[in-house]
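FYI, the numbering just counts along the sequence from 1. Every heavy atom of this structure was used, including side-chain atoms; hydrogens, water molecules and symmetry mates were not.
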Amino acid sequence: MDISSILQGGYHHPLSRQWQSKRQLTKSMLMYPIFITDDPDASQLIATLPGQRRWGVNKIEEFLGPLVKKGLQSVILFGVPMKCNKDHRGSPADDETGPVILAIKKIRSLFPDLYVACDVCLCEYTDHGHCGYLHPDGTINTEPSVARIAEVALNYAKAGAHCVAPSDMMDGRIKSIKRALIDNGYGNKCTLMSYSAKFASSLYGPFRDAAGSAPSFGNRKCYQLPPAGRGLARRAIQRDVVEGADIIMVKPAMPYLDIIGDAAQLAPDHPLACYQVSGEFAMVHAGAAAGVYPLRDMAFESVDGMLRAGATLILTYFTPDFLDWLDN
């Protein structure tokens, strides 16, 4: 056998197998998506998201405290309004007494070293469940939608968010948010993470259960990207880089590793995030429950694919598990 044919000597040991990866998962790469509701004492299990809950602001300390001690470094907040009056403009999104702004302030006071990002969208707060303003015929009215998204993002920054992350997929919202942050003195105080390549995926179901954000009619296929639209994703990534995004994100992750790879090439000087969304998380759990594989092994394998594709930041509901697994 040729000398060049022998590869196994290079990965026969557990440590040398780790050396084969260009990038290994660390705790600093993990951002934990959490749901904050307007019941201040809530601790509500989410049936379709194994082990995940909706939390009230009064429960944040007991929920996050143990995770911070284990090495949690960043979270991203999703508001879940249950009691508010929703309207056409998503007025509750940046209500100062609403769950997101209260949670930002609470987390900043309790855990000053924890990085706090906020998802910026209107769908949880509009009476129609879409991510922007609508024309009378039900189509998206882009300009006022973008202005409103920028207003919400700015108010999260004013409340103390380290990062705002618009997930609405409205054209031009990155430039508008960046301008609002700069004009109001937050350009150098708040990171702008763009859901640049967010696809109209079938994998959002558990999230919509958790957040109550399903549209009341139609769907979001006219503003989220078509799953086969690789070229559109590349164009959206390039656009958002030019418009001032500080971090680029691809969502979902596992079915879109090629897009993560494209983003790594198109924006090589930007941090690259990917979101292992609720349906991906639920699928990995379902397979483990069916005996297809050990949960821990598949969780790591799924994330290794994202790292291999080029991701440097991973939003995942497995974050609490990884905080334990990375210590063992």
Side-chain angles (χ1 to χ4, degrees), residues 31-38 40 54-57 60 64 73-81 84 86-87 89-126 131-133 144-170 172-196 198 207 210-213 240 243-249 251 271 273 275 313 315:
M31 179 175 281
Y32 188 23
I34 61 176
F35 299 96
I36 307 294
T37 188
D38 51 8
R54 301 182 195 93
W55 296 96
V57 291
I60 284 175
L64 289 181
Q73 296 185 39
S74 67
V75 295
I76 182 166
L77 308 181
F78 293 88
V80 185
C84 69
K86 301 183 181 185
D87 59 24
R89 65 186 299 273
S91 297
D94 50 355
D95 183 344
E96 290 189 0
T97 64
V100 174
I101 288 181
L102 289 179
I104 295 168
K105 294 177 178 178
K106 186 86 167 182
I107 294 170
R108 289 296 308 270
S109 66
L110 289 171
F111 310 107
D113 295 327
L114 186 63
Y115 189 91
V116 180
C118 291
D119 178 82
V120 182
C121 198
L122 302 180
C123 58
E124 301 101 317
Y125 308 99
T126 54
C131 302
Y133 282 66
S145 299
V146 165
R148 176 70 182 129
I149 288 288
E151 181 181 32
V152 173
L154 177 61
N155 284 330
Y156 289 167
K158 288 179 177 179
H162 297 105
C163 173
V164 290
S167 60
D168 55 290
M169 289 300 287
M170 298 296 110
R173 89 274 203 216
I174 300 304
K175 182 177 180 180
S176 183
I177 293 171
K178 194 73 167 185
R179 186 76 265 162
L181 292 174
I182 292 169
D183 290 348
N184 288 273
Y186 292 90
N188 61 345
K189 298 175 183 176
C190 186
T191 300
L192 177 49
M193 176 166 66
S194 174
Y195 289 66
S196 294
K198 178 181 178 180
F207 176 92
S213 62
D240 288 359
E243 289 191 4
D246 298 302
I247 301 173
I248 297 299
M249 188 202 298
K251 175 185 180 181
Y275 196 151
L313 171 61
L315 288 69

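For the pair Pro81/Glu124, a side-chain contact is recorded, criterion being any heavy-atom separation below 4.5 Å from C-beta on.
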* Report the C-alpha distance between Arg173 and Asp168 in whole Å, list the side-chain angles of each, state the deciding distance to 0.1 Å, and finish with yes or no for side-chain contact (heavy atoms from CB on, under 4.5 Å). => CA-CA 9 Å; Arg173 89 274 203 216; Asp168 55 290; 3.4 Å; yes

* Asked: Run the side-chain contact (heavy atoms from CB on, under 4.5 Å) check on Thr191 and Val164 step by step: do they pass?
  -> CA-CA 6 Å; Thr191 300; Val164 290; over 6 Å; no

* Asked: What's the verdict on side-chain contact (heavy atoms from CB on, under 4.5 Å) for Lys189 and Leu181, showing C-alpha distance, side-chain angles and the deciding distance?
  -> CA-CA 9 Å; Lys189 298 175 183 176; Leu181 292 174; over 6 Å; no

* Might you work through the side-chain contact (heavy atoms from CB on, under 4.5 Å) test for Met249 and Ser196, ending with a clear yes or no? => CA-CA 6 Å; Met249 188 202 298; Ser196 294; 6.0 Å; no

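Checked against side chain to side chain contact (heavy atoms under 4.5 Å, CB included), Asp95 has the following partners two or more places apart in sequence or in another chain: Thr97. Applying the ring pair (Phe, Tyr, Trp, His ring centres under 6.0 Å) criterion to Tyr115, with sequence neighbours excluded, gives His162. Annotation: side-chain hydrogen bond (donor to acceptor under 3.5 Å, both in side chains) contacts of Asp87 (sequence neighbours excluded): Ser91. Applying the ring pair (Phe, Tyr, Trp, His ring centres under 6.0 Å) criterion to Tyr133, with sequence neighbours excluded, gives His88. Residues that satisfy the side chain to side chain contact (heavy atoms under 4.5 Å, CB included) test with Ala150, not counting sequence neighbours, are Ser176, Ile177, Ala180. Qualifying side chain to side chain contact (heavy atoms under 4.5 Å, CB included) partners for Pro99, counting only residues two or more places apart in sequence or in other chains: Ile36, Asp38. Partners of Ala93 according to the side chain to side chain contact (heavy atoms under 4.5 Å, CB included) rule, which considers only residues two or more places apart in sequence or in another chain, are Leu122, Tyr125, Arg148, Val152, Tyr156.
Annotation for Ser194 and Ala245: closest pair CB-CB, 3.9 Å, computed over non-hydrogen atoms. The shortest heavy-atom contact between Leu192 and Pro166 is CD1-CD, 3.7 Å. Contact record, Ile104 with Ala161: CG2-N, 3.5 Å, taken as the closest heavy-atom pair. Nearest heavy-atom pair, Ala103 versus Ile60, reported as atom, atom and distance to 0.1 Å: CB-CD1, 3.9 Å. Here the closest non-hydrogen pair linking Leu315 and Ala273 is CD1-CB, 4.1 Å. What you find for Pro33 and Tyr275 is that their closest heavy atoms are CB-OH, 3.4 Å.
Here the side chain of Thr37 pairs a donor or acceptor atom with the backbone of Val80 at under 3.5 angstrom.
Annotation: the span from Cys163 atom SG to Leu313 atom CG amounts to 8.5 Å, rounded to 0.5 Å. Note that OH of Tyr32 and CD1 of Ile76 are 13.5 Å apart. Values are rounded to the nearest 0.5 Å. Of the inter-residue distances, the one linking Leu77 atom CG with Ile101 atom CD1 reads 11.0 Å to the nearest 0.5 angstrom. Within the model, atoms CH2 of Trp55 and CG of Leu64 stand 8.5 Å from one another, a figure rounded to the nearest 0.5 Å.
The pair Lys158-Asp94 does not count as a salt bridge, with every side-chain nitrogen at least 4.0 angstrom from each carboxylate oxygen.
Counting only residues at least two apart or on different chains, the salt bridge (charged side-chain N to carboxylate O under 4.0 Å, His left out) pairs with a member in residues 178-187 are Lys178-Asp246, Arg179-Asp183. The stretch residues 101-123 participates, sequence neighbours left out, in no salt bridge (charged side-chain N to carboxylate O under 4.0 Å, His left out) pair at all.
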